**Q** 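The structure's right below; bear with me while I get my questions together.
When a ligand or atom number is given, it counts from 1 through the structure's own listing order. None of the values given here were measured: they were computed from a predicted structure.
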Amino acid sequence: MAEREQDGELNINIDQELKSREDEMVRLRRDFHQHPELSFKEDRTSRIVADRLAKSGLQVRTGVGQTGVVGILEGKKPGRTVMWRADMDALPLQEDPELLNFHSEVEGVMHACGHDAHTAIGLTVADILARHKSDLPGRVMFVFQPAEEVGGGAKAMLADGLFKEGGPGGGRPDVTLGLHIGSLYPAGKALVKAGPLMAAVDTLAMTIRGKGGHAATPHLTIDPVMVACELVVALQTLVSREVPPMSAAVLTWGAIHSGTKDNIIPVEAHLMGTLRTFEPEVRKHMLERIETMSTQLAKAFRAEATFRVTESLPPVINDDRLAGLVRESATRALGADGVLDGGQRMGSEDMAVFMEEVPGCFITIGAARPGDPPRPHHSPLFAMDEACLDSGVKVATRAILDLLPAR
Ligand SMILES: [Zn+2]
Ligand SMILES: [Zn+2]
């Protein structure tokens, strides 16, 4: 702390810098909100991002992981490399047009997770820090990633050499940082938590193969619909009976498809599900047991089950030491009242892929609209209190400044 205060050059007046950029940030966020783009199709958004970063004086690389953009801010003094991540994509949802006067202009696409805010915050932080480039130690790597919602954006950027020497990011960062606004947490507050924050996800696909026939002669068939029903119920006992009560696991089958008509017993049933866990042992146990239980239970009913994991993301685990430092930074930025504990949830985040490579801290910024009913993410009723924008910029700028000096 004392060290930082001696280093007067890093004491940028963030509040003042923010004030002159606040209107523009809100305008940008609303513009992104009106023009949402789906995963890997963030063409307009990434064009604006690249243009803004270049105007702020950053070195810009486009087309990283398809539609991703990287902005490098090279400080004039030696120091560390801090990566700041923002995501740009929207969701296939129809927004309630009554809710906002700047609602989505794209049919069936909506910024229902707040990535419009993340992008506007990232651009504002980059612009503030760029103005103080000559005083900055180290290097800030601003990463605007595509396709967070479908997973795969982070992986695509890494595959394009983001962390490689001579790559678009100019080498491996020392720290990874980012934030997500949370519409169910108090507006403008920062939540910083050490350790597990967001869950690992495994996307599951199951096929149950029976023997089709007439609905009136079930004894001549093997009914996959009945087996699917038994399985959905039986597999929940893995969560309630085999996962330690103090550990977390969620198993949800979000889709079951089978059959074409009331009087036909179909040949197959198809299930799609998601498994959310935090601990590697719990995850491994669940995946093994889902496979064993489904194949054996199906066998008991004379059917055949095949199970596979189609997609996986690691959990977001905040580095203990970095979370402590970011909490200090957040407290400096927002005051002790502005920082809360917690934010742990079963949702997943593509940020985990970057954090698996380089330790970091993912911050939650509250965005609940006071007096409103809950406005959950990924819902047509999603909305945020824009107070989260200011808090996001303050915490992000402070944390980057505090983590840049070599220590
Ligand atoms: Zn989302
Ligand atoms: Zn999100």
**Q** Does the shortest distance from the Zn ion (ligand 2) to an N/O/S atom of H115 fall below 2.8 Å?
**A**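 So H115 does bind the Zn ion (ligand 2) by this criterion.
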
**Q** Charged N to carboxylate O below 4.0 Å: is that the case for R327 and D341?
**A** yes

**Q** Take the angle between the ring planes of H180 and H118 and call it parallel below 30°, perpendicular above 60°, tilted in between.
**A**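 Rings of H180 and H118: perpendicular, over 60°.
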
**Q** N/O/S atom of E148 under 2.8 Å from the Zn ion (ligand 1), yes or no?
**A** no

**Q** Do the charged groups of D116 and R29 touch, with an N to O distance under 4.0 Å?
**A** yes

**Q** Any ion pair linking R21 and D127 (charged N to carboxylate O, less than 4.0 Å)?
**A** yes

**Q** Among the N/O/S atoms of E149, select the one at the shortest distance from the Zn ion (ligand 1) and name it.
**A** OE2

**Q** Closest to the Zn ion (ligand 1), which N/O/S atom of H378 is it?
**A**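 When I compare the N, O and S atoms of H378, NE2 is nearest to the Zn ion (ligand 1).
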
**Q** Any chance CZ of R44 has more than 12 other-residue heavy atoms, nucleotides or ligands included, within less than 6.0 Å?
**A**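 Correct, the count exceeds 12.
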
**Q** Given the Zn ion (ligand 2) as the apex, I'd like the angle to SG of C113 and NE2 of H180, rounded to 10 degrees.
**A** 100°

